[in-house]
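Read through the structure below, which is laid out as structure tokens, and then see the notes.
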Amino acid sequence: MNIPRTSYPRVVIIGGGFAGVALAKKLSKQEVQVVLLDKHNYHTFQPLLYQVSTGGLEPDSIAYPIRKILKDFPNFYFRLANVNEIDSKKNKVKTNIGNLKFDYLVIASGSVTNYFGNAEIEKHSMAMKTIPQSLNLRSLILENFEDALLTSDLNERNALMNFVIVGGGPTGVELAGALAEIKKGILPKDYPDLDTRLAQIHVVQSGDCILKGMSSKASQKAEDFLEKLGVNIWKNVRVTNYDGKTATTNTDLTFETATLIWAAGVKGATINGLNSEDFITKGNRVIVNKFSQVKGFEHIFAIGDIAYMEAEDFPNGLPMMAQPAIQQGEQLGDNLLNLIEEKPLKSFVYKDKGAMATIGRNKAVVDLKNWRFQGVFAWFVWMFVHLFFLIGFRNRMVVFVNWVYNYIRFDREARLIIRPFKNKNNL
């Protein structure tokens with residue numbers, strides 16, 4: 001990999017997500033050599049992926065080059081690589097571009113879509129976990145309406161305009177709200193010769209409420225917002241299969257749809273070498289202690305979505321969200337320096353800053369520690385927080401200008417089929 005060997009300890013970070021970037025920043029000016037490995041050369045702001053999928057933003061608005069984030073930091077190296085295996089006995093990572101020795105290894109590989117073992121759903125549904133997947137979904141949504149114009153088969157036309165979102169978490173709820181606003185304000189103008197009123201948006205939730213991790217008031221208010229936008233919400237219903245045309249459930253309910261979007265959960269993106277039952281627990285996550293050390297190791301760590309760390313308020317592990325990942329990355333930076341200097345390690349304490357979700361124009365729900373609110377003010381708070389956590393001044397300005405323009409014009413300029421996506425079932 002052409003990484004020079006120095007007298008400084010080498011810290012290898014796998015993954016350039018929230019956790020990996022937070023850790024790299026923390027170590028940026030310390031006497032350590034930091035090597036960050038990722039299969040993409042950019043950091044993705046995942047909370048806004050749904051806006052790329054629905055034409056609200058272009059992908060470069062929510063992506064930022066990793067090299068640019070850390071360009072002024074000494075002793076930092078980035079390599080574009082797929083990590084294939086971790087050799088914990090020889091302190092080595094094996095990648096598609098070569099092997100690399102480490103003194104300390106940090107696994108921040110994040111998470112991937114969890115299909116719960118259903119190969120048919122994985123084959124035929126659409127995921128929205130990465131920028132390429134979001135672009136595929138955007139193209140498919142627009143292509144479906146183009147195809148709906150061309151068919152005289154009423155059932156096929158309805159299926160092309162029928163969208164089923166599996167999962168009532170923040171991703172599913174925000175996507176449903178965005179699609180509903182497109183149906184209301186954009187499709188009639190773009191397709192005047194198509195009865196877009198027939199378009200249907202369904203949210204299928206296996207539990208008895210949406211936004212399960214938030215307060216009951218936020219959940220109910222989000223449901224009210226979606227229903228006013230014309231979204232159909234099906235609770236206590238679980239999708240059991242999807243063959244590309246028909247989605248079946250554990251009830252008598254079925255959906256004829258050309259687009260099933262799977263937002264029903266994620267699991268840890270484990271790496272060979274640390275994927276045995278000794279290290280992995282529920283959600284395919286790596287077991288770590290209160291110092292983020294992987295079970296059984298002092299020099300191998302895991303942070304972010306991949307890490308399973310129990311806490312008093314989170315007996316089933318910290319939530320797989322940006323805030324725990326950022327906080328773990330920053331804390332581990334301090335602990336690595338303590339470890340190198342043979343000082344005591346500090347236990348990680350998660351500071352829960354709350355949760356929020358937007359359902360569309362002037363509609364959002366926010367749960368803070370001592371304050372819960374919904375509606376227009378919550379929507380402005382949601383926008384401010386997301387702008388604040390975006391990396392790069394340009395990205396913040398581009399997103400802000402897009403949001404202002406979309407709000408004034410009730411439009412989404414990025415509804416472009418840049419790279420056509422052909423559905424595997426040719427629907």
Side-chain angles (χ1 to χ4, degrees), residues 16-18 21-22 25 40-72 128-135 137-138 141-142 170-171 173-186 189-190 218 222 225 229 321-323 325-326 353-368 371 373-416 418:
F18 288 110
V21 168
K25 284 183 174 181
H40 301 295
N41 73 337
Y42 54 85
H43 166 81
T44 303
F45 191 77
Q46 291 186 341
L48 294 180
L49 278 173
Y50 82 96
Q51 294 211 3
V52 175
S53 299
T54 54
L57 295 171
E58 284 290 4
D60 62 345
S61 303
I62 65 166
Y64 203 81
I66 293 175
R67 292 184 183 278
K68 190 172 182 179
I69 296 173
L70 306 167
K71 64 182 175 66
D72 296 324
M128 197 185 64
K129 197 74 175 65
T130 66
I131 285 178
Q133 289 176 341
S134 295
L135 288 174
L137 179 55
R138 183 177 79 179
I141 290 171
L142 296 173
T171 299
V173 166
E174 292 180 341
L175 180 60
L179 287 173
E181 291 196 330
I182 289 175
K183 173 187 174 181
K184 177 183 177 182
I186 294 175
K189 294 182 289 186
D190 279 7
F225 284 148
L229 288 170
M321 296 163 47
Q323 267 305 312
I326 294 170
K353 297 184 178 181
M356 57 184 66
T358 181
I359 299 90
R361 183 187 180 95
N362 296 334
K363 301 177 183 69
V365 292
V366 174
D367 282 356
L368 302 180
W371 191 21
F373 49 98
Q374 306 83 35
V376 177
F377 181 64
W379 184 66
F380 278 107
V381 170
W382 178 92
M383 286 197 300
F384 172 79
V385 169
H386 283 69
L387 283 173
F388 178 80
F389 281 104
L390 271 170
I391 296 178
F393 176 77
R394 174 196 172 275
N395 284 24
R396 293 190 186 105
M397 288 303 300
V398 169
V399 170
F400 177 72
V401 170
N402 270 275
W403 282 350
V404 170
Y405 178 85
N406 293 345
Y407 186 84
I408 295 173
R409 297 294 302 273
F410 213 110
D411 203 357
R412 287 174 178 258
E413 287 293 311
R415 52 188 188 276
L416 310 172
I418 299 297

Distance, nearest 0.5 Å, that separates CZ of R396 from CG of L387: 8.5 Å

Note, F45 side chain near I391 side chain (heavy atom, < 4.5 Å): no

Test side-chain contact (heavy atoms from CB on, under 4.5 Å) applied to V366 and V385, step by step: CA-CA 11 Å; V366 174; V385 169; over 6 Å; no

Chi angles and distances behind the ring pair (Phe, Tyr, Trp, His ring centres under 6.0 Å) call for W379, F225: CA-CA 12 Å; W379 184 66; F225 284 148; over 10 Å; no

Any residue meeting side chain to side chain contact (heavy atoms under 4.5 Å, CB included) with A22, in chain and number order, not counting sequence neighbours: I326, E330

Set of residues satisfying side chain to side chain contact (heavy atoms under 4.5 Å, CB included) with respect to F377, sequence neighbours excluded: W371, F373, V381

With sequence neighbours excluded, residues passing ring-ring contact (aromatic ring centres under 6.0 Å, His included) with W382: H386, W403

V399 and L57, any side-chain heavy atoms less than 4.5 Å apart: yes

Flag if over 12 foreign heavy atoms under 6.0 Å of NZ, K71: no

For R361, all residues meeting salt bridge (Lys or Arg N to Asp or Glu O under 4.0 Å), sequence neighbours excluded: none

Residues which pass side chain to side chain contact (heavy atoms under 4.5 Å, CB included) with A178, listed by chain and number, not counting sequence neighbours: Y50, T54, R412

Could you tabulate the donor-acceptor pairs under 3.5 Å formed by side-chain atoms of residues 58-65, not counting sequence neighbours?
from: E58; atom 1: OE1; to: R138; atom 2: NH1; distance (Å): 3.3
from: D60; atom 1: OD2; to: R394; atom 2: NH2; distance (Å): 3.1
from: S61; atom 1: OG; to: E58; atom 2: O; distance (Å): 3.3

T358 (side chain) donor-acceptor with K363 (main chain) under 3.5 angstrom: yes

